[in-house]
Amino acid sequence: MSSSQPFEQSSPTAGGDATKRSKFTYRQLAHLALSSVTCPLRVIAHIDLDAFYAQCEMVRLGLPEDKPLAVQQWQSLIAVNYPARTFGISRMLTAKEARKLCPDAILQHVATWKEGDVKWAYHKDASANMATHKVSLDPYRLESRKILACMKGCLPPDLQRVEKAGIDEVFLDLSAQVHSILLEHYPELSSPPKDLSEFLPLPPTTVLDWKADALVDLDVSETEDDDPDWDDVAILLGSEIVRDVRAAVREQLKYTCSGGIAHNKMLSKLGSAHRKPNQQTVIRNRAIQQFLSDFKFTKIRNLGGKLGTQIVDTFETDTVSGLLEVPIERLKQKLGDETGSWVYQTIRGIDQSEVNSRTQIKSMLSAKSFRPSINTREQASRWLRIFVGDIYSRLVEEGVLENKRRPKTINLHFRHGGQTKSRQMPIPLGKTIDETILFDLASKLLGQIILEGNVWPCANLSLSVAGFEDGITGNMGIGGFLLKGDEAKAARENDYRPENGASDRPEKRQQTEHGARSIQGFFSKQPGTDESEKLEGSHGEIGEIGDWPFDEEDNITATHQIHAPQSGFKNASITSYFCKQCNETFESDNSFQSHNDWHFAKDLHDEDRRLSHTPQPRPKPGPGKKKNKGSKKDAAKSEKGQSKLSFG
DNA sequence: GTGGATGAG
DNA sequence: CGCTCATCCAC
């Protein structure tokens, strides 16, 4: 009964085929190359280091793999390796309790800063010095960085998309790489027909061999003895890649990790947690429902907090299968339209969130809870020195000295009893960031907070810097020539970062919906020639376009150009295109080399548009106290109905 | 831009 | 638990 496909299929034209074809079209295959969030063949992986902090210590200390070890922070444990778990040791135990369970276990305290130190260190007596030391997680951040680099090194530079999701986890969008492997392995896919809506041939039956050694898991138990289709092949190719990545991390750095490979981020994440340690789990598309229905939905990302609790309370079930019974109207009614439909889709295995190419942090924080509380500005000030030392050393690692990156703001959080106060201010541009500057700013913030009065005793203090910007590019115009000679030259050279030239873009881009990423390089080989540069001169809202780089005989013409500063790029421009053949217009910031390019982009645009009526990745914050509870549902919020899409 | 809150690991 | 990090929202 539940044979409803998880995906929308493009409508076959009238030509029903008697021979067996794939469920997927050439167009969908092409979308795979772009990692389109709506492509039903998309392949996403999540990789998670096993008991990461504990592994770091195992590696650092060169211990044998079966040695029980836990990482200690003051009196409690924050990570426990798998051998230690066999003794019943778990997080949230005290060191003392753990010791009792396994006297032989190593309980390694984390590194700490102590007042006056210029560097964190592993101190023997750290746990006895909670009042004077501050924890440092730097050793783990450094290892994390190595591991990330190793993983990236395993993936083709031009086809990789890696998102650092935490100190010990990453998402990989393997779609583009899988696409390229598919074309390589199956030449029959490489020559698309005129009509991209045609269905692909089925994969050769030899693909069953792929499965032999891949850790496939969770089939829906024999729904149909379906032949494998290209989504199965794609995901298994993804699994091969993940296996390689994991092997490299293991061999080069001695870390084990677990992986999940699936159609989207949510499923891949559930997959990686499904079997640990040192294993990987594939969730094929046809196994999604079976896989999900066993879960408590509070295990799903974003449902682990208040929102999840609210849902449990409202619908009196905590399982996915229970919640599947709730009609979408009721979800929307109780949770709001956006959150309601997000939940509806999520528990059905639908998740259109993108893997953002992002491996760098956006903020940096150094914090300390005080037990007992501190009571004077002098005390607070001394901790600020330590925070500054910590943050500054991390800034150095981030390349702040070489002007690669630089934070824009500094922020001080202060907790007094239940309530928390914070103040932030800009970090003055133009000056080199050093400890003195940072401490100066932090002190000013502290002064501001204390001025409010009634702030003592203080139970928690934290200093953070945020708003990282890529180096000097921002202030080059003014600051650049204030530097002289060598400095300026060095600055300019540092501005060029081959590392992530292309992958930086999606960051600000993410607001640009419709997944209108550049399609250049797929149909046309040329790497993006930045057309927006050419338009730089015209500030006009709408300008006429003279000659434009199109084939003369094309039916596509660029009609006018729109300056679009809000798109996140300075000088970004949108061009409006018109296709005579289709009698339609389409706006994009891409430029197209051919009719096909245009159609391709338009298809993508339309499809994303159509499918993104419901998806919004991010649920609204849950119950929140700000909820004006007396008021009735003003849910009659104008949803942008489909009325807008009037073509075809 | 600022300050608070939520959520994740 | 305690310490990080990210994101969203109201103002």
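Only heavy atoms go into these numbers, but all of them, side chains included; no hydrogens, no water, no symmetry mates. It should be emphasised that the depicted structure is a prediction, and the values quoted were computed from it without experimental measurement. Labels below follow one simple rule: chain letters A, B, ... track the order of the sequence lines, proteins then strands, and each chain is numbered from 1.
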J.: Under 4.0 Å between any heavy atoms, over every strand shown, what does A/Gly166 touch: base, sugar-phosphate, or nothing? Just pick one.
T.: nothing
J.: Tell me whether the side-chain N/O atoms of A/Lys362 come closer than 4.0 Å to OP1 or OP2 in C/dA6.
T.: no
J.: Describe, in one word, how the ring planes of A/Trp74 and A/His109 are oriented to each other, choosing from parallel (under 30°), tilted (30 to 60°) and perpendicular (over 60°).
T.: tilted
J.: Counting side-chain heavy atoms from C-beta on, which of B/dA8, B/dG7, C/dG2 comes nearest to A/Lys306?
T.: B/dG7
J.: Looking at A/Ser422, does any N or O in its side chain come under 4.0 Å of the phosphate oxygens OP1/OP2 on B/dG4?
T.: yes
J.: Tell me which nucleotide among B/dG7, C/dT4, B/dT2 gets nearest to the side chain of A/Gln424.
T.: B/dT2
J.: When the nearest nucleotide of DNA chain C is assigned to A/Ile361 and to A/Lys368 on a heavy-atom basis, which residue is associated with the more 5' position?
T.: A/Lys368
J.: With respect to the side chain of A/Asp168, which nucleotide from B/dG9, C/dC3, C/dT7 is positioned closest?
T.: B/dG9
J.: Assign A/Leu93 to base, sugar-phosphate, or nothing according to its heavy-atom contacts below 4.0 angstrom with the strands shown.
T.: nothing
J.: Hey, what's the ring geometry for A/Phe387 with A/Trp383, parallel, tilted or perpendicular (30° and 60° as the breaks)?
T.: tilted
J.: Would you call the rings of A/Phe291 and A/His274 parallel, tilted or perpendicular if under 30° counts as parallel and over 60° as perpendicular?
T.: perpendicular
J.: Check whether any side-chain N or O of A/Thr409 sits under 4.0 Å from OP1 or OP2 of B/dG1, and answer yes or no.
T.: no
J.: Please determine whether a side-chain nitrogen or oxygen atom of A/Lys421 lies at a distance below 4.0 Å from atom OP1 or OP2 of B/dG4.
T.: no
J.: Whether A/Glu115 and A/Lys134 form a salt bridge (side-chain N of Lys/Arg under 4.0 Å from carboxylate O of Asp/Glu) is what I want to check.
T.: no
J.: Which listed nucleotide (B/dA5, C/dT7, B/dG7) is nearest to the side chain of A/Leu307?
T.: B/dG7
J.: Just compare B/dA5, C/dG2, C/dC3 and give me whichever is closest to any side-chain atom of A/Thr420.
T.: B/dA5
J.: May I ask you to decide if the ring planes of A/Tyr255 and A/Phe52 are parallel, tilted or perpendicular, using 30° and 60° as cut-offs?
T.: tilted
J.: How is A/Gln75 classified with respect to the nucleic acid when contacts are heavy atoms under 4.0 Å: base, sugar-phosphate, or nothing?
T.: nothing
J.: For A/Lys164, which contact category applies under a 4.0 Å heavy-atom criterion: base, sugar-phosphate, or nothing?
T.: nothing
J.: Does A/Ser363 put a side-chain nitrogen or oxygen below 4.0 Å from OP1 or OP2 of C/dC5?
T.: no
J.: Reckon A/Arg91 has a side-chain N or O less than 4.0 Å from the OP1 or OP2 of C/dG2?
T.: no
J.: Base, sugar-phosphate alone, or nothing: which one does A/Lys408 contact when heavy atoms must sit under 4.0 Å apart?
T.: nothing
J.: Is any side-chain nitrogen or oxygen of A/Lys299 closer than 4.0 Å to OP1 or OP2 of B/dA8?
T.: no
J.: Hey, does A/Arg415 reach any base, or is it just sugar-phosphate, or nothing, if we go heavy atoms under 4.0 Å?
T.: nothing
